[in-house]
S.K.: 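This structure is in structure tokens; I'll ask about it shortly.
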Number of protein chains: 2
Amino acid sequence: MCVLALLSKGDNYAYDIASRMAEAVGMGEGTIYPLMRRMQNDGLVSTYLQESGSGPPRKYYKLTKAGAGALKSQITDWLAFEVAVRKILGDVT
Amino acid sequence: MCVLALLSKGDNYAYDIASRMAEAVGMGEGTIYPLMRRMQNDGLVSTYLQESGSGPPRKYYKLTKAGAGALKSQITDWLAFEVAVRKILGDVT
DNA sequence: AATAGTATCTTGCATGACAAGGTATCGTGT
DNA sequence: ACACGATACCTTGTCATGCAAGATACTATT
């Protein structure tokens with residue numbers, strides 16, 4: 001969901017996504033490539049190559065219509081989950 | 001974290017915890033027993049048996065001091081995670 | 001006696017995160 | 001020219017864990 005959300009703000013490549021996710025939630029780099037592959041297989045993202053000038057060519061990922069739909073429904077689910085957890089935590093917090 | 005939070009409100013047995021978690025976040029019943037075992041091995045909970053009158057005896061779980069500490073730190077982590085995710089979702093939501 | 005509800009638990013499978021390692025490209029310093 | 005660090009891609013193997021399915025057993029109801 002977070003990766004889809006990042007892509008909804010603009011095309012990006014795995015290495016940069018991984019860096020942002022690492023900083024935000026501590027995601028490891030080894031996680032991103034299988035994840036992107038899965039999302040591409042599921043038709044949530046499409047890719048294109050682009051030269052970088054600062055290293056090897058980057059594989060950019062772009063959110064598809066299906067990806068945007070998935071993001072929307074995942075956000076709905078996430079918010080419901082958040083509420084459910086908050087309810088369980090209740091006055092403990 | 002949610003199970004620890006439930007236990008912080010009073011001792012309980014796995015079957016009932018599982019029911020609450022199933023309703024709240026869709027957790028399956030097969031999840032609870034390995035989880036409780038793990039938490040007991042980690043010293044987060046202790047157990048005692050009690051007759052029920054409406055079935056086999058229940059194994060009640062009670063939060064230990066270590067469990068209360070783990071809950072506290074897990075809540076801290078969770079809240080930070082929530083914030084990080086919200087930040088990523090940002091105006092997408 | 002049979003069934004349904006309560007309550008325990010185990011087994012096997014699938015998912016997925018990640019550390020570690022491998023490859024290749026570019027710019028910078030020596 | 002060459003080494004090095006940063007960038008950027010990717011794979012492999014391992015470990016954790018959620019869950020469906022099934023096994024067991026006790027109690028109460030039909």
Side-chain angles (χ1 to χ4, degrees), chain A residues 1-7 10-62 67 70 74 77-78 80-81 84-85 88, chain B residues 1-7 10-62 67 70 74 77-78 80-81 84-85 88:
Chain A
M1 179 185 71
C2 287
V3 170
L4 292 176
L6 285 178
L7 288 178
D11 299 358
N12 208 349
Y13 55 101
Y15 188 79
D16 188 65
I17 296 171
S19 303
R20 293 178 196 276
M21 292 297 296
E23 196 189 355
V25 297
M27 197 190 73
E29 196 206 324
T31 304
I32 197 67
Y33 295 100
L35 174 58
M36 298 316 291
R37 175 77 56 96
R38 253 178 284 142
M39 295 205 297
Q40 188 175 8
N41 288 342
D42 291 347
L44 307 184
V45 298
S46 59
T47 66
Y48 57 93
L49 283 177
Q50 196 166 293
E51 297 297 326
S52 98
S54 71
R58 297 168 177 162
K59 185 189 278 185
Y60 277 82
Y61 292 89
K62 174 186 171 59
Q74 283 178 23
D77 290 350
W78 168 256
F81 181 75
V85 170
I88 288 174
Chain B
M1 178 186 73
C2 286
V3 169
L4 292 176
L6 284 179
L7 288 178
D11 300 357
N12 207 350
Y13 55 101
Y15 188 80
D16 189 65
I17 295 171
S19 303
R20 293 178 197 275
M21 293 298 295
E23 195 188 358
V25 296
M27 196 190 76
E29 196 205 323
T31 305
I32 197 68
Y33 295 99
L35 173 58
M36 297 316 293
R37 174 77 55 97
R38 253 178 284 142
M39 295 206 296
Q40 188 175 9
N41 288 343
D42 291 347
L44 307 184
V45 298
S46 59
T47 65
Y48 56 94
L49 283 176
Q50 195 165 297
E51 297 297 326
S52 97
S54 70
R58 297 169 178 160
K59 185 190 278 185
Y60 276 82
Y61 292 88
K62 176 186 169 61
Q74 284 178 22
D77 290 350
W78 169 254
F81 180 75
V85 170
I88 289 174

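For clarity, every value in this text was computed on a predicted model and none was experimentally measured. The figures that follow rest on heavy atoms only: side chains count, while hydrogens, waters and symmetry mates do not. Throughout, a chain's letter reflects where its sequence line sits, starting with A, and its residues are numbered from 1.
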S.K.: Can you tell me which nucleotide in D:dG18, C:dA7, C:dT8 comes closest to the side chain of B:Thr31?
M.R.: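 Looking only at side-chain atoms, B:Thr31 lies closest to D:dG18.
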S.K.: Could you report the tightest heavy-atom contact between B:Ala70 and B:Leu44, atom names first, then the distance?
M.R.: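 Answer, listing the atom of B:Ala70 first, then B:Leu44: CB-CD2, 3.9 Å.
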S.K.: Can you say whether a donor on the side chain of A:Glu29 sits under 3.5 Å from an acceptor on the base of D:dC9, or the other way round?
M.R.: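 Such a pair is found, so the answer is yes.
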S.K.: B:Tyr15 has an atom OH; how far is it from atom C1' of C:dA4, in whole Å?
M.R.: 11 Å
S.K.: Return yes when atom CD of A:Gln50 has more than 12 non-hydrogen atoms of other residues, nucleotides or ligands closer than 6.0 Å, and no otherwise.
M.R.: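 Above 12, so yes.
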S.K.: D:dC9 phosphate, OP1 or OP2: any side-chain N/O from A:Tyr33 under 4.0 angstrom?
M.R.: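 So the side chain of A:Tyr33 is within the cut-off, an N or O lying under 4.0 Å from OP1 or OP2 of D:dC9.
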S.K.: Less than 4.0 angstrom between a side-chain N/O of A:Arg38 and OP1 or OP2 of C:dG16, yes or no?
M.R.: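 Yes, because at least one side-chain N or O of A:Arg38 sits under 4.0 Å from OP1 or OP2 of C:dG16.
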S.K.: In Å, rounded to the nearest 0.5 Å, how long is the span from CD1 of A:Ile88 to CZ of B:Arg20?
M.R.: 10.0 Å
S.K.: Can you tell me which nucleotide in C:dC9, C:dT6, D:dA8 comes closest to the side chain of A:Arg58?
M.R.: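 Shortest atom-to-atom distance from the side chain points to D:dA8.
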S.K.: May I ask you to evaluate whether B:Ser54 reaches the phosphate of C:dA7, defined as a side-chain N or O under 4.0 Å from OP1 or OP2?
M.R.: yes
S.K.: Specify the residue among A:Gly55 and A:Met27 whose closest nucleotide of DNA chain C lies further upstream toward the 5′ end.
M.R.: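 Result: A:Met27.
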S.K.: For the side chain of A:Pro56, counting heavy atoms from C-beta on, which of C:dT8, C:dC18, C:dA24 is nearest?
M.R.: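 Taking heavy atoms from C-beta onward, the closest nucleotide is C:dA24.
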S.K.: Select from B:Arg37 and A:Gly28 the residue whose nearest nucleotide in DNA chain C is closer to the 5' end of that strand.
M.R.: B:Arg37
S.K.: Measure across B:Asp11 and B:Lys62 and return the closest heavy-atom pair with its distance rounded to 0.1 Å.
M.R.: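 Minimum heavy-atom separation between B:Asp11 and B:Lys62: OD1-CG, 3.5 Å.
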S.K.: B:Tyr48 has an atom OH; how far is it from atom P of C:dT8, in whole Å?
M.R.: 12 Å
S.K.: Check the distance between D:dT27's P and B:Glu51's CD and give it to me in whole angstrom.
M.R.: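 These atoms are roughly 7 Å apart.
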S.K.: C:dT8, D:dC26, D:dC10: which one has an atom nearest the side-chain heavy atoms of B:Tyr13?
M.R.: C:dT8
